[in-house]
Protein chains: 2
Amino acid sequence: MTSPRPSLDATQLGAYFALIEASSLLKHAVEQQLREAGDLSYVQFQLLATLGDSPAGSQRMTDLADGVVYSRSGLTYQAQTLEKRDLVTRTPSSDDERSTTVTITDEGRAVLARVFPGHIAVLDDLLFAPLSRSDVETLADILARARDHMRQTPPRSAAPRRSKKPAGTTDQAR
Amino acid sequence: MTSPRPSLDATQLGAYFALIEASSLLKHAVEQQLREAGDLSYVQFQLLATLGDSPAGSQRMTDLADGVVYSRSGLTYQAQTLEKRDLVTRTPSSDDERSTTVTITDEGRAVLARVFPGHIAVLDDLLFAPLSRSDVETLADILARARDHMRQTPPRSAAPRRSKKPAGTTDQAR
DNA sequence: CACAGTTGCTTCGAATCCGAAGCACATCAC
DNA sequence: GTGATGTGCTTCGGATTCGAAGCAACTGTG
């Protein structure tokens, strides 16, 4: 950051690094707690929590994938893992033979309930402890805006201009 | 499902989810850009950037690991990968035979320089675009506080005051 | 109805990650 | 010195991730 880069200013860099570091640290801590308390990975917890929050306790694979940030294949893997442990069931949808409906089981809800208190505790201790009430509100507001913007921004806007991919053009190598 | 349990309030949950989602989305986007522009993973970029920022362009493995959030073994893996591509060199430290000093090469700096503009562009488009100047300042301040707190909080404090367990659930096989 | 294009999910291979165990050097007693 | 500990890094095995390719079921057009 002491480099002569005419791009981001110190504040922006600070925000960026703080965001990445804080989320990484938090995620690691949460992951560890989940592993110890219920032998769950973070994704697995997210899936169970999402399902537990759903009206019927079930969702289509695709809708689940949209809620979480992970890939479809990764979701398949985790869903299978959860199914093996009887925390969810997977059944073909009735109106569309292709889609799979994932449903949380009582056992799944039990694990969720067992893990939740510790999860909250970690968040309180690590994330919320050093923040005031208004800090949290502000944080929620700003990050929600950023998230919403990223969600609706075309995933490919990263590289400025690029249309069709004609051939093995050694893409933008400077 | 907003159960009647003494959990987090809506604002806290919102902040938590927004933090996780925003950082995940951003990281994915950045990762993709880095991959396309310089065939670097996010960790590799972080390592190169950290080294590039260092006075002599070099650091001990351990110090590097502290800067990044990843594990020692993961760092070893990535350092080896970078070394194979001649983006860094690794030499035993002179005063301590055990430690390894990692140094960025000119080639490494070149890759860094090639990748940087696109990196900035992604950040501008995805993270900073929907935020005002003061938003960024506030965000940086709050997250920096959270991060610093997490860094100095003992790693094992996951479940501090929570010793009660739901019946004689056989603990994990150790 | 037949066909082409979509959509939903899974399988496959490769890359990456972590924790535990192991190895080698350092440091601290005595 | 010499052994007991500690520190720095790597190796090992296993888990998790992704993208690309594949399969099966839907949809739209004539």
Side-chain angles (χ1 to χ4, degrees), chain A residues 24-25 27-36 39-47 58-85 88-102 155-156 165 168 171, chain B residues 24-25 27-36 39-47 58-85 88-103 155-156 158 172-174:
Chain A
S24 289
L25 288 168
K27 202 171 166 187
H28 273 267
V30 163
E31 210 140 45
Q32 189 175 334
Q33 185 270 321
L34 290 175
R35 187 75 64 187
E36 289 173 1
D39 200 31
L40 292 177
S41 71
Y42 192 70
V43 204
Q44 293 173 337
F45 173 74
Q46 279 185 303
L47 294 182
S58 56
Q59 289 243 281
R60 293 192 319 151
M61 291 287 282
T62 294
D63 296 333
L64 270 177
D66 288 345
V68 187
V69 180
Y70 300 84
S71 67
R72 301 299 161 85
S73 52
L75 181 59
T76 294
Y77 172 76
Q78 290 297 1
Q80 287 174 339
T81 302
L82 288 177
E83 189 179 32
K84 269 184 210 135
R85 290 173 57 187
V88 304
T89 60
R90 293 191 306 158
T91 55
S93 178
S94 50
D95 58 325
D96 189 335
E97 278 300 319
R98 292 168 304 179
S99 78
T100 299
T101 300
V102 186
R156 278 301 169 285
K165 191 196 156 261
D171 270 339
Chain B
S24 289
L25 287 168
K27 203 171 167 188
H28 273 268
V30 163
E31 210 141 47
Q32 189 175 335
Q33 184 269 322
L34 290 175
R35 187 74 63 187
E36 290 174 2
D39 199 31
L40 292 177
S41 72
Y42 192 71
V43 203
Q44 293 173 337
F45 172 73
Q46 279 185 304
L47 294 181
S58 56
Q59 290 243 281
R60 292 191 320 152
M61 291 288 281
T62 295
D63 296 333
L64 269 177
D66 288 344
V68 186
V69 179
Y70 300 86
S71 68
R72 301 299 162 84
S73 52
L75 181 60
T76 294
Y77 172 76
Q78 291 297 0
Q80 287 175 338
T81 302
L82 288 176
E83 190 179 31
K84 270 185 212 137
R85 291 172 56 186
V88 304
T89 60
R90 294 190 305 159
T91 55
S93 178
S94 51
D95 58 325
D96 189 336
E97 278 300 320
R98 292 169 304 179
S99 78
T100 300
T101 300
V102 186
T103 309
R156 264 298 173 292
Q172 240 55 19
R174 307 283 321 175

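The sequence lines fix the lettering, A, B, ..., with proteins before strands; numbering per chain opens at 1. Side chains included, hydrogens not; waters and symmetry mates left out as well; all remaining heavy atoms used.
Nearest to the side chain of A:Gln78, among C:dT16, D:dT16, D:dC9, sits D:dT16. Relative to the side chain of B:His28, the nucleotides D:dC18, C:dC18, D:dG8 differ in distance, and D:dC18 lies closest. Checking C:dT10, D:dT16, C:dC18 against the side-chain heavy atoms of A:Arg35 singles out D:dT16 as nearest.
Residue-level contact check: A:Thr76 touches the bases, meaning some heavy atom is under 4.0 Å from a base atom. Among the heavy atoms of the strands lying under 4.0 Å from B:Ser99 are primed sugar atoms or P, OP1, OP2 only; no base atom is included. Looking at heavy-atom distances under 4.0 Å, A:Ser73 makes contact with a base.
Atom P of nucleotide C:dC17 and atom NZ of A:Lys27 are separated by 12 Å, given to the nearest angstrom. Rounded to whole Å, the distance from CZ on B:Arg60 to C1' on C:dC25 is 13 Å. A:Arg90 has its CZ atom 17 Å from the P atom of C:dG8, to the nearest Å. Atom-to-atom, CD of B:Glu31 to P of C:dA15 comes out at 15 Å; the value is rounded to the nearest Å. In this entry the distance linking CG of B:Asp96 with P of D:dC9 reads 8 Å, nearest Å. A:Asp63 has its CG atom 13 Å from the C1' atom of C:dT7, to the nearest Å. The distance from atom CD of B:Glu83 to atom C1' of D:dC9 is 13 Å, rounded to the nearest whole Å. Between A:Leu82 atom CG and D:dA15 atom C1' there is a gap of 14 Å when expressed in whole angstrom units.
Judged by distance alone, with hydrogens and angles left aside, B:Thr62 brings no side-chain donor or acceptor close enough to the base of D:dG8 to form a pair under 3.5 Å.
Between A:Val102 and A:Leu64 there is a side-chain heavy-atom pair separated by less than 4.5 Å. Residues A:Thr76 and A:Arg72 have side chains not in contact (no heavy-atom distance under 4.5 Å, counting atoms from C-beta outward). At a threshold of 4.5 Å between non-hydrogen side-chain atoms, the residues A:Tyr70 and A:Gln78 do not count as touching. Proximity of A:Leu47 to A:Leu75: side-chain heavy atoms (C-beta onward) are separated by under 4.5 Å at one or more points.
Residue whose closest nucleotide on DNA chain D sits further toward the 5' end, between A:Arg98 and A:Tyr77: A:Tyr77. Mapping A:Ala79 and B:Tyr70 onto DNA chain C via the closest heavy atom, the residue that lands nearer the 5' end is A:Ala79. For the pair A:Glu97 and A:Leu75, nearest-nucleotide mapping onto DNA chain D gives the more 5' position to A:Leu75.
For the OP1/OP2 pair of C:dC18 and a distance below 4.0 Å, the side-chain nitrogens and oxygens of A:Gln32 include no atom meeting the criterion. Phosphate proximity of C:dT10 to A:Arg72: absent, as no side-chain N or O sits under 4.0 Å from OP1 or OP2.
Exactly one residue among B:Thr91, B:Asp96, B:Asp95 makes a side-chain hydrogen bond (donor to acceptor under 3.5 Å, both in side chains) with B:Ser93. That residue is B:Asp95.
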